[in-house]
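Heads up, the thing below is written out as structure tokens.
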2 protein chains.
Amino acid sequence: MAVTRRPGADHCGIAAAMSVIDGKWKVSLLWELEQCPRRFGELRRLVPGVSEKVLAAQLRELETDGIVHREVYDEVPPRVEYSLTPLGQDLNAALEALGQWGAKHLLPDSA
Amino acid sequence: MAVTRRPGADHCGIAAAMSVIDGKWKVSLLWELEQCPRRFGELRRLVPGVSEKVLAAQLRELETDGIVHREVYDEVPPRVEYSLTPLGQDLNAALEALGQWGAKHLLPDSA
DNA sequence: CTGCTCGCTCACCTCGGGGTAACCACCCAC
DNA sequence: GTGGGTGGTTACCCCGAGGTGAGCGAGCAG
């Protein structure tokens with residue numbers, strides 16, 4: 001989304017948060033990781049439509065933002081597991097509020 | 001951002017909400033409207049960098065999504081006021097959680 | 001020797017969100 | 001008659017996020 005981040009503006013916290021979840025698939029990734037640690041190929045399968053390139057890129061971004069942890073197991077075939085950091089869990093909790101709002105007001109009807 | 005909305009996925013509420021605030025300036029607009037109703041030119045001045053075209057477009061989108069109310073006063077020179085609907089106020093409240101998280105974890109230090 | 005899996009990386013291309021600038025109709029002040 | 005301020009709309013262009021397809025390096029199955 002590339003949300004505009006105006007330094008000094010009072011809503012900069014929101015803008016900062018938005019910049020972190022900025023990316024077509026990040027909220028989906030966050031959601032899938034909420035359940036449990038996931039492997040790369042597993043995320044690929046769980047989030048249909050994402051390309052490998054973008055999946056790798058957005059996972060890297062989430063990692064450098066301290067949202068997810070990347071654990072590489074030196075095996076063969078190689079194994080990599082992604083999991084939420086405490087920071088990521090906090091973020092997901094904050095997103096919950098947004099999810100509640102969306103589900104309540106936007107969805108056809110709450111099941 | 002064009003966040004992916006997978007019907008049936010459990011986080012679709014979040015995706016729905018994201019699609020509503022999807023747009024480079026929408027959270028800024030939401031924030032400015034939080035304070036009080038604003039006129040078009042006023043928003044243009046309050047949100048530096050936004051072009052008239054995009055400001056008009058995103059306000060329209062927020063309007064059709066039921067987030068803002070558009071009131072036209074038949075005067076000369078013409079006057080138009082934008083304000084948050086109750087739905088928009090709820091949305092802003094939900095965004096608050098995200099703002100808290102961002103301010104707490106992302107900003108250099110909370111002033 | 002070939003192919004398969006896994007987790008990527010690289011080059012190339014597309015597409016649309018957003019920026020830029022011009023224009024509109026209306027009225028007032030100079 | 002010229003300029004300014006109101007709230008837009010339209011045409012055109014640009015750039016970067018994201019999609020596509022190929023390749024890679026190790027090891028195991030056949």
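Close to D:dG8, at under 4.0 Å from its OP1 or OP2, lies no side-chain N or O of B:Arg44. Checking the phosphate oxygens (OP1, OP2) of C:dC8, no side-chain nitrogen or oxygen of A:Arg79 falls inside 4.0 Å. Contact check, B:Lys24 against C:dG19: a side-chain N or O comes under 4.0 Å of OP1 or OP2.
Put simply, CG on A:Leu55 is 11 Å from P on C:dT9, counting in whole angstrom units. What separates CD of A:Glu75 from P of D:dA26 is a distance of 17 Å, to the nearest Å. As a whole-Å value, the separation of A:Arg38 CZ from C:dG7 P is 14 Å. Rounded to an integer number of Å, the gap from CG of A:Leu29 to C1' of D:dG18 is 14 Å. Put simply, CG on B:Asp74 is 11 Å from P on C:dC27, counting in whole angstrom units. With rounding to whole Å, B:Lys53 atom NZ is found 9 Å from C:dG18 atom P. Look at CD on B:Glu71: it is 17 Å from C1' on D:dG8, rounded to the nearest Å. Atom-to-atom, CZ of A:Phe40 to C1' of C:dC8 comes out at 6 Å; the value is rounded to the nearest Å.
Side-chain proximity of B:Val54 to C:dG19, D:dG7, D:dG5: nearest is C:dG19. With D:dT6, D:dG8, C:dG19 as the choices, the nucleotide that has an atom nearest any side-chain atom of B:Pro78 turns out to be D:dT6. Proximity note for B:Ala56 (side chain, C-beta onward) versus D:dT9, C:dG19, C:dG7: the nearest is D:dT9. Distance from the side chain of B:Arg39 is smallest to D:dT6 among C:dT5, D:dT6, C:dG18. For B:Ser51, the listed nucleotide lying nearest its side chain is C:dT20; candidates were C:dT20, C:dG7, C:dC12.
Nearest-nucleotide positions on DNA chain D for B:Arg60 and A:Val76 put B:Arg60 closer to the 5' end. Both B:Pro77 and A:Glu52 lie near DNA chain D, and the one whose nearest nucleotide falls closer to the 5' end is B:Pro77.
Nearest heavy-atom pair, B:His105 versus A:Asp90, reported as atom, atom and distance to 0.1 Å: NE2-OD2, 3.4 Å. Nearest heavy-atom pair, A:Ala94 versus B:Leu98, reported as atom, atom and distance to 0.1 Å: CB-CD1, 3.9 Å.
Judged by distance alone, with hydrogens and angles left aside, the side-chain atoms of B:Glu32 form no donor-acceptor pair with the main-chain N or O of B:Val47 at under 3.5 Å. Judged by distance alone, with hydrogens and angles left aside, the side-chain atoms of B:Asn92 form a donor-acceptor pair with the main-chain N or O of B:Leu30 at under 3.5 Å.
With respect to A:Glu42, the salt bridge (Lys or Arg N to Asp or Glu O under 4.0 Å) criterion is satisfied by exactly one of A:Arg39, A:Arg44, A:Arg38: A:Arg38.
Residue contacts shown for B:Tyr73 are absent, as no nucleic acid heavy atom lies under 4.0 Å away. A:Gln58 comes within 4.0 angstrom of the backbone, heavy atoms only, and of no base.
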